[in-house]
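Throughout, a chain's letter reflects where its sequence line sits, starting with A, and its residues are numbered from 1.
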Amino acid sequence: MALLSVQDLVVRFRTQEGTVHAVNGVSFDLDAGETLGLVGESGCGKSVTNLAIMRLLPRPAGYIDGGKVLFEGNDLVAMEESELRALRGREVAMIFQDPMTSLNPVLTIEEQMVETIRAHRHVSRDQARDRAIELLSRVGIPHPETRLNSYPHQFSGGMRQRVMIAMALALEPKLLIADEPTTALDVTIQAQVLELLRALTTELETSVILITHDLGVVAGMTQRINVMYAGFIVETGSTTEIFEQPHHPYTVGLLHSIPRLDAREAGPLIPIEGSPPDQRQAPVGCPFAPRCAWRIERCWTVNPPLAPVEAISSPPVLSGPRATHRAACHNQPTAEEADAGRPLRPGFMPAPPPAGFSAADVEEAPGVAAYAGEEAP
Amino acid sequence: MTSADISVPGRVAERASRGLWRDAFTRLMHNGPALVGLALIAIFVLAAALAPVIAPYGPLEGSLANRLKGPSPTHWFGTDLQGRDEFSRILYGAQISLQVGVVAVLMGLAMGGTIGALAGSFGGKVDAVLMRFVDVLLSIPGILLAIGIVAWLGRGLPQIMFAVAATTTPLFARLLRGSLLGLREADFVIAARSLGASRWRILFRHMLPNALTPLIVAATLALATAIIDVAGLGFLGLGPPDPRTAEWGTMLTDSTRFLRQAPYLLLFPGGAIVLTAIGFNLLGDGLRESLDPRLKR
Amino acid sequence: MGKYIIRRLLGAIPVLIGLSVVLFAFVHLLPGDPTRAILGQHATPATQQALREVLGLDKPLWQQYLQYMGQLLQGDLGHSVVNNKPVLQEFMIRFPATIELTLVSLLFAVGVGIPLGRLAARHPQTWTDGVVTVISLLGISVPIFVLGLTLQFFFSVQLGWLPTSSRVDPRLGIEQVTNFMLIDTLIAGRPEAFVDALKHLVLPAIALGSIPLAIITRITRAAVLDVANEDYVRTARAKGLTERRVDDRHIMRNAWLPVTTVIGLQVGGLLAGAVITETIFAWNGVGRWVFSAITNRDYFVIQSSILIFALIFLAVNLVVDIGYAFLNPRIRYS
């Protein structure tokens, strides 16, 4: 059985301007010891999904409007708050993006670590303190005994994130959710922290959900990737397959908007024109249609389901190293098109929106400007 | 880039700020409490403006035979110690409270604003000296400062206006200085400066519109305090020199001795002060919410 | 942190000097003829000349200022025009009464204001929050004199539950030792007098404390709401801590900081408001004395009282600032 099984999770936010549809029916599984990457641009719902898993959505604005989150078979959505509290920190831990604001500025590191440990285990303050020292040295903080009495602002950014990792892994949880753990750090520190994360989670056999918008981070750390857009998962598969054979136009676009050392030829960077949709309205059709270079008429009216990219005989495998590669697209790019970053079928133009469709940023011919004048190979 | 483009930052800021006002206005119109505040203020402004027309009696008209009568059909709010009609005196009192309050706040804005603007845009030693002066003003709390100034200058409406203005000056000085200091380092100001705009142009075209918002909110709220302070001075015997003048605070002094027999002498002037203050406080809070949409509280 | 304290103390010096100059001008630079204004009805050529010599009005301004500062530092604050007693002495006699009232009002404002603010922050945008907001609004919109008179009317005149004025029933014959009524009644060993003194404190303390109450409530509510939205509160919940612990250790410990600063500022308002409150309730403290000094044009009394109040206010704010620096680790260890 999968350690974590998210099923049709729907999350909404009440705002002054209406309801925001942040997450629209997301499903994925996670096995023990697996590292899953959740990739997408800001606002696509990746952080919200994970806050929802731990039921840490900002109240009263955010709420779960449907779906289940099965952790070791128990539905976290339906659980009592007191039961959930016992799980938080002990079985499921979370580290956040900005370590400066994520640590309480008026408490010492010792106080914050000891309270975590003693919230879930009956140990004395001294025992908890010893454990804290042990954890701090594990994450590479020099002179942990003295540094325990320091306050968060007395550490550097990288050190703070190490402290957060130490706190999160203090009780050796089964699942660690890392929300953009390195985004706020310098590039060289990023690599160190990621390496630390990888080493510890492998050693403790912790499952990890790694949320990021940085494909580089995901490439080195994860076994599988979910690509999210506008609150939907649009593609999922093993990391290698996603990078080598993307099947969703958005994924293709993402891969072509960063410079890559393994590109077959030195081509131009092709930005994805347009901006993410206004999630105050319930989605109609495929959410990526307004910016999609492969769109056909069907894309405007029918939201494609997440389906296997190749016909298979048995039901799709949802997790683990043999997970089925699935994408949500009516008109998936071919392998050559994925390499080139744009459609290559002669005479193909992205289907215009149907009459009466009110989309503010419909790109008339997405990607055309970037390759206008080129010859098809 | 042609020379015409140099003025673009200013124009863009103008267009942006015009949109801001319109948005803020719409938001304000939907804010319930703010509208209540506006209504209260309107009532008293009308009362003040139309006093000569609506008041059934003159403010000084009265005979001792008629003194201390309770509310009746001929005297809606009763009569005071000298037999004068309370209702009329409340209407005329509105004139004084509002006039003095508004002028005091405007003076405070002028004085405090100048100090703050100078300190904020020049910085350095100018800033240090000016702010020390503001600190001295601040060390004498609220009404004590006003009392001191009126005791020093003597009684009279202009003196009262100046005294109350002095109590609001530090607030406006600090506000404007803070806004300007913050904006000096703001990216769009640096951009304008790099395009060759002069210091004064930057001050007026770019910094002031942004600094205006907290000032408007503070001024509205300061009006509430100003009206209360004016009445407070009147209550303490430092009001308008002519003791017959209809001023809400002075009217309350009478009520202290006749609380048992004539509680309405407390109710109506006191109520007028409270309602006016509530009006400006509600409006001020409403303005703060509409002008700064980031505040979702 | 030590550097911060020193800097703060040094920064206070120019303000003290400025304050002394302003108050010096209050008497020595009275518009018109100072001696006439000060002496009022007692003004005869003889008394005016005597006053002129005392103030040194014929000497150059800077000499007058030095003389004034010299007198100040020796504790000579002039003499009351009314009864010719030394101002400092008269001030100290009445001062405990004002402190007693101010302290109790502050306790009231803080003791009710902070819980009220926390309550509103815990249930934002609900009826509870609405009621607290209304209480706050009324607190700052109802002037002390209106509230004081209204309280007197209802609880004293109409209902007779609480006394109208003064500090203790004079028939109880309490001897004034410290002039802190609450302490004196206990020294005299009379618990029923203690209760009586408390009863006398209730209405004035509520009237005086109403504005600080309103402001403290508002600030507490805002501070708690701000902090509750911070990332570290989310982290605390993610660690599985109970709501109680999150509230106490993570939210309140941080929300306290802006609240303490505001409390310090409110002390100024309390001192200023004491003038009106003591007048209404016939409370024999400095405030009432200042009021009669205004009526009697007793300039030395007014000048000195403002000076001492300002000094107290400055001192309180200094303590609060240093306390804040101590409580906030980001300043303490920088």
> Heavy-atom distance under 4.5 Å to chain B: side chain of Phe291(C), backbone, both or neither?
side chain
> Crowded around Arg118(C) CZ? As in, over 12 foreign heavy atoms under 6.0 Å?
yes
> Using a 4.5 Å cut-off on heavy atoms from C-beta on, say whether the side chain of Ile147(B) contacts that of Ile306(C).
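The answer is no, as the side chains (C-beta and beyond) never meet within the 4.5 Å cut-off.
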> Looking only at heavy atoms and a cut-off of under 4.5 Å, which of Leu271(C), Thr150(C), Ile17(C) has the most pairs with chain B?
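Counting heavy-atom pairs under 4.5 Å, the top option is Thr150(C).
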> Can you confirm whether Leu252(B) sits close enough to Phe145(C) that some side-chain heavy atom of one is under 4.5 Å from a side-chain heavy atom of the other?
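Of all side-chain heavy-atom pairs linking Phe145(C) with Leu252(B), at least one is under 4.5 Å.
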> Between Leu265(C), Val267(C), Leu270(C), Ile140(C), which residue shows the highest count of heavy-atom pairs closer than 4.5 Å to chain B?
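Result: the option with the highest number of such pairs is Ile140(C).
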> Any idea which heavy atoms bring Ala277(B) and Ser141(C) closest together, and the distance?
CB-O, 3.5 Å
> List the atom of Val274(B), the atom of Pro143(C), and the distance in Å for their closest heavy-atom pair.
CG2-CD, 4.0 Å
> Taking side chain as everything from C-beta outward and backbone as N, CA, C, O, which of these in Leu145(B) sits under 4.5 Å from a heavy atom of chain C? Side chain, backbone, both or neither.
neither
> Is it the backbone or the side chain of Ala128(B) that comes under 4.5 Å from a heavy atom of chain C, or both, or neither?
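Neither the backbone nor the side chain of Ala128(B) comes within 4.5 Å of chain C.
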> Shortest non-hydrogen contact from Arg132(B) to Gly11(C)?
NE-O, 4.0 Å
> Step through the shown structure and confirm whether more than 12 heavy atoms of other residues, nucleotides or ligands are within 6.0 Å of CZ on Arg244(B).
no
> Determine whether Val275(C) and Leu144(B) make a side-chain contact, defined as any pair of heavy atoms from C-beta on separated by less than 4.5 Å.
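Yes; the side chains approach each other to less than 4.5 Å.
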> In terms of heavy-atom pairs under 4.5 Å with chain B, which of Leu29(C), Leu307(C), Leu16(C) leads?
Leu29(C)
> Picking from Ala310(C), Gly18(C), Gly273(C), which has the most non-hydrogen pairs under 4.5 angstrom with chain B?
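With the most close heavy-atom pairs to chain B, the winner is Ala310(C).
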> Pair Val150(B), Ile294(C) - check side chain to side chain contact (heavy atoms under 4.5 Å, CB included), show working.
CA-CA 10 Å; Val150(B) 176; Ile294(C) 297 173; over 6 Å; no
> If every non-hydrogen atom of Ala272(C) is compared with every non-hydrogen atom of Pro141(B), which pair is closest and at what distance?
CB-O, 3.8 Å
> Apply the test side chain to side chain contact (heavy atoms under 4.5 Å, CB included) to residues Ile143(B) and Ile276(C): give CA-CA distance (whole Å), side-chain angles for both, the deciding distance (0.1 Å), then the verdict.
CA-CA 10 Å; Ile143(B) 203 162; Ile276(C) 294 180; 4.0 Å; yes
> Answer yes or no: is there a side-chain heavy-atom contact under 4.5 Å between Val22(C) and Phe133(B)?
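Result no, sub-4.5 Å side-chain heavy-atom pair not found.
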> Under 4.5 Å from any heavy atom of chain C, what part of Leu138(B) do you find: side chain, backbone, both or neither?
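The backbone, not the side chain.
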> Could you have a look at Leu137(C), Leu149(C), Ile144(C), Val142(C) and say which one has the most heavy-atom pairs with chain B under 4.5 angstrom?
Leu149(C)
> Do Tyr299(C) side-chain atoms and Ala151(B) backbone N/O form a donor-acceptor pair below 3.5 Å?
yes
> Any heavy-atom pair between the side chains of Asp135(B) and Leu314(C) that's under 4.5 Å?
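A side-chain contact under 4.5 Å is absent here.
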> Which atoms of Asp229(B) are under 4.5 Å from chain C, going by heavy atoms: the side chain, the backbone, both sets, or neither?
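For Asp229(B), there is no contact with chain C at all, as no heavy atom is under 4.5 Å.
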> Checking heavy atoms, do the side chain of Leu266(B), its backbone, both or neither come under 4.5 Å from chain C?
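Just its side chain gets close to chain C.
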> Answer with side chain, backbone, both or neither: which region of Phe153(C) has an atom nearer than 4.5 Å to a non-hydrogen atom of chain B?
both
> What part of Thr276(B) is in contact with chain C, defined as an atom under 4.5 angstrom from a non-hydrogen atom: side chain, backbone, both or neither?
neither
> Just give me the residue among Gly232(B), Gly249(B), Gly154(B), Gly237(B) that pairs up with chain C most often, heavy atom to heavy atom, under 4.5 Å.
Gly232(B)
> Ile149(B), Leu236(B), Asp285(B): which one forms the most heavy-atom pairs within less than 4.5 Å of chain C?
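The answer is Leu236(B).
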> Do you know which of Asn317(C), Val21(C), Leu23(C), Val15(C) has the most heavy-atom pairs with chain B at a distance under 4.5 angstrom?
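Ranked by contacts with chain B, first place is Val15(C).
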